[in-house]
Amino acid sequence: MPKNFYDKLSDMDLLRRAWHLARDDSRTDFMFDSFRFSDFGFHLDEYLQSISQSLQNESYHPSTLLTIDVPKSSLSVRPGSIMNIEDKIVLFAIACLIAPPLDKKLPPNVYSWRVKNDRRRLFHDHEILKFPFLKRRTVHRRMNIVEPWYTAWPRFIKDVEVAYEREGYKYMVVSDIVSYFENIDLHLLRDLLLHNLPRQPKIINFLINPLEYWAWPTVYNSPIYRGIPQGNGVSSFLGNYYLLPLDQAFLKFSKGKDIKYLRYMDDVKVLAKDPAIAREALFLMNDKLRELRLNIQGSKTRILEGKAIRQELFDDRLDKVNEIIEEIQKKRSLSTAERNKYVDDLKDILKKVKGKRSIIKDKELRLFRRLITGFTLLQHSGMVDLVLTQLEKNPDARLLNSAVRYFRVQERNLRKISNRLLKILTSREPLFPYQQAHFFMMMRYVRDIPTEVWKEARRILRLKSSHWYVRQQAAQLLSIKPLSKQELGNIQKLFNAEKHLEVRKALCHALAQLADDECVEFTRRLVFSTEPSLQKIGRFYHGLLFDENKGLEQIEAIFRQDREDILLDSVHQVEVLSKANHRVVQQELLKRLRKIKRRIKRRVLIQRIERIISSLEQENNGATKG
């Protein structure tokens, strides 16, 4: 590895690794790219080469963040944002370079973002880096250089439990940092990184520059150089390292005082055997956080003892749910008896969730969401009513995302789901834009979409005052409907008049339904667009239309998992492939569609597939006669 990390940043293998990490990380973004970066991955090496060249030329510049207020159960919000895929790739590449030396600075009682022990394997995966799309499991096992949260977090909790249960630490300091990510001081972060990596000023300054560019301005647009984007892995890495001075202070404190200090991100646990020492630890925590320009939330700051510690730390119900989820994930298939047993066990725990008649919050919401995950894995409808009831009252973003995943796999109660979601969407009760967008997202996966939903989506799409993310999701919902020539004409007019790029990208899904020659012409327009994001979509559609090998590869990717919800998300690609210039692509697509058609249950998707099959059969018959 070169002395100057910046020189390594443009390495293609490093950028390929960062692509896989960035794409995997995007699964938990606050908002979702309408193409899920399939357009970027389609010509991956070319786009990564362009990034590499701009890094070598020192001409790389970050793009503007996309932002939205992300609601909580309390009706408060936090700032949510996503960066474009190029920026995320560059930041993950930086993290891959600086994480190993920085990891050596962290004490062993910090559990989050720790570099894997088997460092010999890091950066030695050339044989799989060439593939543009990898399974999530492969990315976690082969690409990620840090321990995953699902192994680090349980170890953190277990060590806290051992300190309390076996080692006699009967007092625990409990606190909460106010708006942690929003208050990270970028000048302090720069100084901290430079102090610990004194020979790497170039890459550190390069890292801090986009963070300063993205910092939220004051009401008068003055820069404050505070806060990092939330909801992505690189910010978690930087946020984890920002608390190193706190770790060092407690390491020194522990040499003279009998305490146990353990940390996972900003979740700090300090356990003591003496209440006076616990009080000293609390004062020290407050002082050090103030030095880092952070504040402790007074209402959540206290010293617990005895049973209160157990109530704070442990939840046997949650442990049982996690155990069930782990068992399900380890098995390739479940027998009917096994499935029924897991369902019964989860239902028993569900009965113990508190606050189901009102808004479920805090620890109870964490348990509720894990139960949703369990029922999602089992594809069971046992929580449909409760989830819908909560959605009517609770705007929490994490609940909304859990509900989307849950409703994707439902095969029953779909009419009930669509009617209840429609009622929420069209009620007079004000909704957060984030809620509204997710309700449109959920509607994509129900079996029978009411006429009123299409009307509401059209209304929102035309409503310029509505948040762009809501309009993007409305556009994606409309795109799954078989559109008439007149409707396509109206959408073309909307596309031409639309100002927001993300809404225009989403409208490209619908315009994939244009007739053959019109689709080719639309693709040509996209390729020659002045907007790089539209150019990517144009090149993606062009490859589907005219590149035989890539067309066949994409068909294999779409149908590999044989899942209806995945086909629904990819139906715009199927539309473009049905107009491919190569007969072998059309024939392969026709064969796959005929095979999957009899298993499709969503009416709107049946209509789309039947129309595409009919078009392909006519094309095939015409070619045969010719």
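All of these numbers come straight from a predicted model, not from anything done at the bench.
Side chain of K356 to backbone of K351: a donor-acceptor contact under 3.5 angstrom is found. Using a distance-only test at 3.5 Å, with no hydrogens or angles considered, a donor-acceptor pair links the side chain of Y406 to the main chain of M383. In terms of modelled atom types and a separation under 3.5 Å, the side chain of K361 and the main chain of G355 share no donor-acceptor contact. Listed for the E364 side chain is a donor-acceptor partner under 3.5 Å among the backbone atoms of K354. Looking only at distances, no side-chain donor or acceptor of R405 sits under 3.5 Å from a matching main-chain atom of T376. For R17 (side chain) and M143 (main-chain N/O), a donor-acceptor pair under 3.5 Å exists by modelled atom type. A donor-acceptor pair is defined here as one N or O able to donate and one able to accept, closer than 3.5 Å; no such pair exists between the side chain of Y180 and the backbone of M265. Side-chain N or O atoms of R263 include one that pairs as donor or acceptor with a backbone N or O of N240 at under 3.5 Å.
Not counting sequence neighbours, E531 has no partner by the salt bridge (charged side-chain N to carboxylate O under 4.0 Å, His left out) test. Residues forming a salt bridge (charged side-chain N to carboxylate O under 4.0 Å, His left out) with R459 (at least two apart in sequence, or on another chain): E456. Not counting sequence neighbours, the partners of F40 by the ring-ring contact (aromatic ring centres under 6.0 Å, His included) test are W19, Y47. Legend: residues meeting salt bridge (charged side-chain N to carboxylate O under 4.0 Å, His left out) with D396, ordered by chain and number and at least two apart, are R398. With sequence neighbours excluded, no residue forms a salt bridge (charged side-chain N to carboxylate O under 4.0 Å, His left out) with D287. Every residue two or more places apart in sequence or in another chain was checked for a side-chain hydrogen bond (donor to acceptor under 3.5 Å, both in side chains) with D176, and none qualifies.
Counted within 6.0 Å of CZ on R279, heavy atoms from surrounding residues, nucleotides or ligands total 12 or fewer; the atom is thus considered open. Enclosure of atom NE2 in H195 is not indicated, since only 12 or fewer non-hydrogen atoms of other residues, nucleotides or ligands lie within 6.0 angstrom. Residue K352 places its NZ atom among 12 or fewer non-hydrogen atoms of other residues, nucleotides or ligands, all under 6.0 Å distant. Counting non-hydrogen atoms of neighbouring residues, nucleotides and ligands closer than 6.0 angstrom, the CD atom of E161 exceeds 12 such neighbours. Counting non-hydrogen atoms of other residues, nucleotides and ligands closer than 6.0 Å to NZ of K393 gives a total above 12.
For residues 229-242, there are no salt bridge (Lys or Arg N to Asp or Glu O under 4.0 Å) pairs, not counting sequence neighbours. Applying the ring pair (Phe, Tyr, Trp, His ring centres under 6.0 Å) test to residues at least two apart or on different chains, the pairs with a partner in residues 417-436 are Y434-H438. For residues 465-477, the salt bridge (Lys or Arg N to Asp or Glu O under 4.0 Å) pairs, not counting sequence neighbours, are R471-E498. Residues in residues 26-37 take part in these side chain to side chain donor-acceptor pair (under 3.5 Å) pairs, two or more places apart or across chains: D24-R27, D29-K88, D33-K505.
Side-chain atoms of D185 and Y242 form no donor-acceptor pair, as typed in the model, at a separation below 3.5 Å. Side-chain atoms of R293 and N183 include no donor-acceptor pair closer than 3.5 Å.
Here the straight-line distance linking atom CG of L289 with atom CG of L243 works out to 7.0 Å at 0.5 Å rounding. We find the CG-CD1 distance between L399 and I359 to be 10.5 Å, quoted to the nearest 0.5 Å. Here the CD1 atom belonging to I89 is positioned 12.5 Å from the CD1 atom belonging to I94, to the nearest 0.5 angstrom. Atom OH of Y111 and atom CD1 of I157 lie 10.0 Å apart (nearest 0.5 Å). In this structure, L477 CG and F439 CZ are separated by 14.0 Å, a value rounded to the nearest 0.5 Å. Here CD1 of I204 is found 6.5 Å from CD1 of I98. Values are rounded to the nearest 0.5 Å.
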Would you give me the side-chain donor-acceptor pairs under 3.5 Å for residues 224-237, sequence neighbours excluded?
{"from": "Q230", "atom 1": "OE1", "to": "R78", "atom 2": "NH1", "distance (Å)": "3.3"}
{"from": "Q230", "atom 1": "NE2", "to": "E182", "atom 2": "OE2", "distance (Å)": "3.4"}
{"from": "N232", "atom 1": "OD1", "to": "V234", "atom 2": "N", "distance (Å)": "3.2"}
{"from": "N232", "atom 1": "OD1", "to": "S235", "atom 2": "N", "distance (Å)": "2.9"}
{"from": "N232", "atom 1": "OD1", "to": "S235", "atom 2": "OG", "distance (Å)": "3.3"}
{"from": "N232", "atom 1": "ND2", "to": "P229", "atom 2": "O", "distance (Å)": "3.3"}
{"from": "N232", "atom 1": "ND2", "to": "S235", "atom 2": "OG", "distance (Å)": "3.1"}
{"from": "S235", "atom 1": "OG", "to": "P229", "atom 2": "O", "distance (Å)": "2.5"}
{"from": "S236", "atom 1": "OG", "to": "N232", "atom 2": "O", "distance (Å)": "3.3"}

Considering only distance and modelled atom types, tabulate donor-acceptor pairs under 3.5 Å from the side chains of residues 366-375, sequence neighbours left out.
{"from": "R370", "atom 1": "NE", "to": "N322", "atom 2": "OD1", "distance (Å)": "2.8"}
{"from": "R370", "atom 1": "NH2", "to": "N322", "atom 2": "OD1", "distance (Å)": "3.1"}
{"from": "T373", "atom 1": "OG1", "to": "R369", "atom 2": "O", "distance (Å)": "3.2"}

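Side-chain contact between Y60 and D87 is present, with heavy atoms from C-beta onward closer than 4.5 Å. In this structure, the side chains of F5 and P101 come closer than 4.5 Å at one or more pairs of heavy atoms. In this structure the side chain of V470 reaches within 4.5 angstrom of the side chain of F440, judged on heavy atoms.
Using the six-membered ring where Trp is involved, F156 and W153 have ring planes that are tilted, between 30° and 60° apart.
One finds a salt bridge joining R408 and D569 here, because a Lys/Arg side-chain nitrogen approaches an Asp/Glu carboxylate oxygen to under 4.0 Å. The pair D247-K105 fails the salt-bridge criterion, with no side-chain N (NZ, NE, NH1 or NH2) lying under 4.0 Å from an Asp/Glu carboxylate O. Taking a cutoff of 4.0 Å between a charged side-chain nitrogen and a carboxylate oxygen, K416 and D385 qualify as a salt bridge.
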*Are L197 and I203 close enough, and set up right, to give a side-chain contact (heavy atoms from CB on, under 4.5 Å), and what steps lead you there?*
CA-CA 10 Å; L197 294 175; I203 199 167; 6.0 Å; no
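The distance between the ring centers of Y241 and W113 does not fall below 6.0 angstrom.
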